[in-house]
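Working notes, beginning with the structure itself.
The figures that follow rest on heavy atoms only: side chains count, while hydrogens, waters and symmetry mates do not. Each chain gets a letter, A, B and so on, in the order the sequences are listed, and its residues count up from 1.
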Protein chains: 2
Amino acid sequence: MKPFVLIAEDEKAVAELLRYNLEREGYETAIAPDGDEAMIQLDERVPDLVLLDWMLPKVPGIEVCRRIRSKADTANLPVIMLTARTEEADRIRGLDTGADDYVTKPFSTTELMARVRAVLRRIRPALVEDKVTVGDITVDRTTHMVSRNQLDIHLGPTEFRLLDYFIQHPGRVFSREQLLDGVWGSDVYVEARTVDVHVGRLRKALMSRGGDDPIRTVRSAGYSLRGD
Amino acid sequence: MKPFVLIAEDEKAVAELLRYNLEREGYETAIAPDGDEAMIQLDERVPDLVLLDWMLPKVPGIEVCRRIRSKADTANLPVIMLTARTEEADRIRGLDTGADDYVTKPFSTTELMARVRAVLRRIRPALVEDKVTVGDITVDRTTHMVSRNQLDIHLGPTEFRLLDYFIQHPGRVFSREQLLDGVWGSDVYVEARTVDVHVGRLRKALMSRGGDDPIRTVRSAGYSLRGD
DNA sequence: CGGCTGCTTGACACATATGTGACACACGCT
DNA sequence: AGCGTGTGTCACATATGTGTCAAGCAGCCG
């Protein structure tokens, strides 16, 4: 059974981005565009996790969170709060209401996915894979360790997220734009060519232990991890 | 390549509603306000699907549908008929106009979108599937991989798009102009002869793994992919 | 069999996309 | 401050793909 995630977020673009990335990682999703709708959907089917926007129309996120905590069947439901980058006070109050984690916008989707996994692991450990192997490359999300043929490889944070992103869908070609969205964050502005440099660094690191290039360049389309 | 939908509908409000919803779901659209106009547009560019109003000025929908069926290049073109009332719909069904599906007005747009997807999937799987096989040739859009009899083939971007275009309509003959529009884009100017060169390159690549020429030259008309 | 027309194909100059070392800057640590 | 690490950008080198031409073929018709 796939973990079911409720996305309570009014900005359609953000909601769709989340849906896309969550489904890509094998979650089932539903979107609630406002607080009322979120409450209705929570009554209909209790999800395994809620992504809750702080500023939600009709019923604000913090209020939704309180109600979740006060109902018996959702009292332990994991909640990740999404907040706009504002004062610390908001964060603290968010945590006081019982959110399990918070993420400030703009966020990199891989980072958010990592938080989702972390929170779910606490509640339903069996649902999330910690360790993924494709070909001779293994990525361990809990320890942030990467290895090829049993030999450890050190990666910087960006290269790690990049590999983590590729490894979700081995073989699939991602454009520079998709990689920027997924690995760097939806609205951070960096040159598309920067992706090339990081791919180059990732390649160098992965090939430092021998073996051939595990990343395929698809001219005028993007890059992909060579699948099996 | 986005699926192209022709909307033959005289009520401007309805036509615009359809256009809005279709474009939102990633289709390209054109509107024909009467039967004559629909026929003209069908000659100019064959769409992937037609939404056809029953009561169309000048040439009625049923007649347009008959003509679509009787012309070689549109004989298999999916048509969804839009009719005003349910009783009418029943009668029309009895008339066997050759439409692939019927929707009665007023319709829910989500329902219509679902029908559009369903019809396209049935008639033109190549438009909606990620991986398409025709004969012994397989094209995978997510991985940008092409193979013939399990053997990988490397194609440059243009050859890839060209093959992808052909594979949408196996057997159908495309003129150089159609190919330039569809593969290069309607706004770039390149010599029509350039198509020949790229077809040649595509042939060479596809035959590099043995097998015979999968592309047929139709003298003074164009090229087509040998279908099944 | 010409002669016409349209198609094929190798060559090539040019255009674009990608790979990569260097560098300046931003952090977090001590 | 001084250090180590990681990041994003640039400039330049390389690799790869593109469009055009022209010579040579191939089908078609009288």
Side-chain angles (χ1 to χ4, degrees), chain A residues 106 108 110-111 144-146 152-166 173-185 187-208 212-226, chain B residues 144 146 152-166 173-208 212-226:
Chain A
S108 111
T110 29
E111 188 207 332
H144 265 236
M145 281 276 152
V146 175
D152 283 1
I153 291 173
H154 169 80
L155 292 182
T158 305
E159 277 74 58
F160 183 84
R161 289 200 307 272
L162 187 57
L163 176 59
D164 189 34
Y165 195 80
F166 274 128
V173 177
F174 295 102
S175 69
R176 292 173 177 68
E177 288 68 30
Q178 285 176 309
L179 292 169
L180 283 175
D181 273 8
V183 176
W184 275 258
D187 51 2
V188 190
Y189 179 72
V190 280
E191 290 290 324
R193 291 293 263 101
T194 300
V195 173
D196 297 11
V197 176
H198 282 277
V199 166
R201 288 170 182 164
L202 177 56
R203 275 182 167 138
K204 195 162 134 187
L206 291 175
M207 291 198 289
S208 65
D212 39 55
D213 192 351
I215 295 176
R216 186 167 59 108
T217 302
V218 180
R219 190 163 231 260
S220 83
Y223 299 96
S224 80
L225 184 66
R226 269 184 234 279
Chain B
H144 272 242
V146 175
D152 284 1
I153 290 173
H154 171 81
L155 294 182
T158 305
E159 277 73 57
F160 184 84
R161 288 200 308 273
L162 186 58
L163 175 59
D164 191 35
Y165 193 81
F166 273 127
V173 178
F174 294 101
S175 69
R176 292 173 177 68
E177 287 69 30
Q178 285 175 313
L179 291 169
L180 283 175
D181 273 10
V183 176
W184 276 258
S186 44
D187 45 355
V188 280
Y189 179 72
V190 280
E191 290 290 324
R193 296 252 135 245
T194 301
V195 174
D196 297 11
V197 176
H198 281 278
V199 167
R201 288 170 182 163
L202 178 55
R203 274 182 168 139
K204 194 162 133 189
L206 292 175
M207 292 198 290
S208 67
D212 39 55
D213 191 351
I215 296 175
R216 190 165 52 106
T217 302
V218 181
R219 205 180 159 82
S220 78
Y223 298 95
S224 80
L225 183 67
R226 272 184 232 277

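- Summarising the geometry, the separation between CD on A:Glu191 and P on D:dT7 is reported as 17 Å, rounded to the nearest angstrom.
- Atom-to-atom distance recorded for A:Leu225:CG and A:Leu163:CG is 6.5 Å, nearest 0.5 angstrom.
- Rounded to an integer number of Å, the gap from B:Asp196 CG to D:dG24 P is 19 Å.
- Taking atom CG of A:Leu179 as the reference point, atom C1' of D:dG8 lies 16 Å away to the nearest angstrom.
- Listed candidates were D:dG8, C:dG19, C:dT8. Nearest to the side chain of A:His198 is D:dG8.
- Between D:dT18 and B:Tyr189, no contact under 4.0 Å exists linking OP1 or OP2 to a side-chain N or O.
- Between A:Arg203 atom CZ and C:dG19 atom P the separation is 5 Å, expressed in whole Å.
- Of the side-chain N and O atoms in A:His154, none sit less than 4.0 angstrom from OP1 or OP2 of D:dG4.
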Practice item. Given side chain to side chain contact (heavy atoms under 4.5 Å, CB included), test A:Thr194 with A:Arg176 step by step and report yes or no. Key: CA-CA 9 Å; A:Thr194 300; A:Arg176 292 173 177 68; over 6 Å; no
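- For the pair A:Tyr223 and C:dA17, the criterion of a side-chain N or O lying under 4.0 Å from OP1 or OP2 is not met.
- What separates CD of A:Glu177 from P of C:dA17 is a distance of 12 Å, to the nearest Å.
- Residue B:Arg216 contributes atom CZ, which lies 19 Å from atom P of C:dG6 at whole-angstrom precision.
- Between B:Ser220 and C:dC7 there is no side-chain polar atom (N or O) within less than 4.0 angstrom of OP1 or OP2.
- Side-chain proximity of A:Thr158 to D:dT7, C:dG10, C:dT8: nearest is D:dT7.
- Checking D:dG19, C:dT8, D:dA11 against the side-chain heavy atoms of B:Thr194 singles out D:dG19 as nearest.
- B:Phe160 places its CZ atom 14 Å from the P atom of D:dG17, with the value rounded to the nearest Å.
- Counting distance only, with no hydrogens placed and no angle test, the side-chain atoms of A:Arg219 and the base atoms of C:dT18 include no donor-acceptor pair under 3.5 Å.
- Each of B:His198, B:His144, B:His154 was checked for a ring-ring contact (aromatic ring centres under 6.0 Å, His included) with B:Phe160, and the lone residue meeting it is B:His144.
- Distance check, rounded to the nearest 0.5 Å: OH of A:Tyr189 to CG of A:Leu180 gives 9.5 Å.
- No donor-acceptor contact under 3.5 angstrom links the side chains of B:Arg161 and A:Ser220, judged on distance only.
- Nucleic acid contact class of A:Val197 (heavy atoms, under 4.0 Å, all strands): base.
- With hydrogens and angles ignored, no donor-acceptor pair under 3.5 angstrom links the side chain of B:Arg201 to the base of C:dG10.
- Between A:Trp184 and D:dT7 there is no side-chain polar atom (N or O) within less than 4.0 angstrom of OP1 or OP2.
- Residue A:Val195 is classed as having no contact, given no heavy-atom separation below 4.0 Å to the nucleic acid.
- Side-chain contact between A:Thr217 and A:Arg203 is present, with heavy atoms from C-beta onward closer than 4.5 Å.
- Following rounding to the nearest Å, A:Arg193 (CZ) and C:dC23 (C1') show an atom-to-atom distance of 17 Å.
- A sub-4.0 Å separation between OP1 or OP2 of C:dT18 and a side-chain N or O of A:Arg176 is present.
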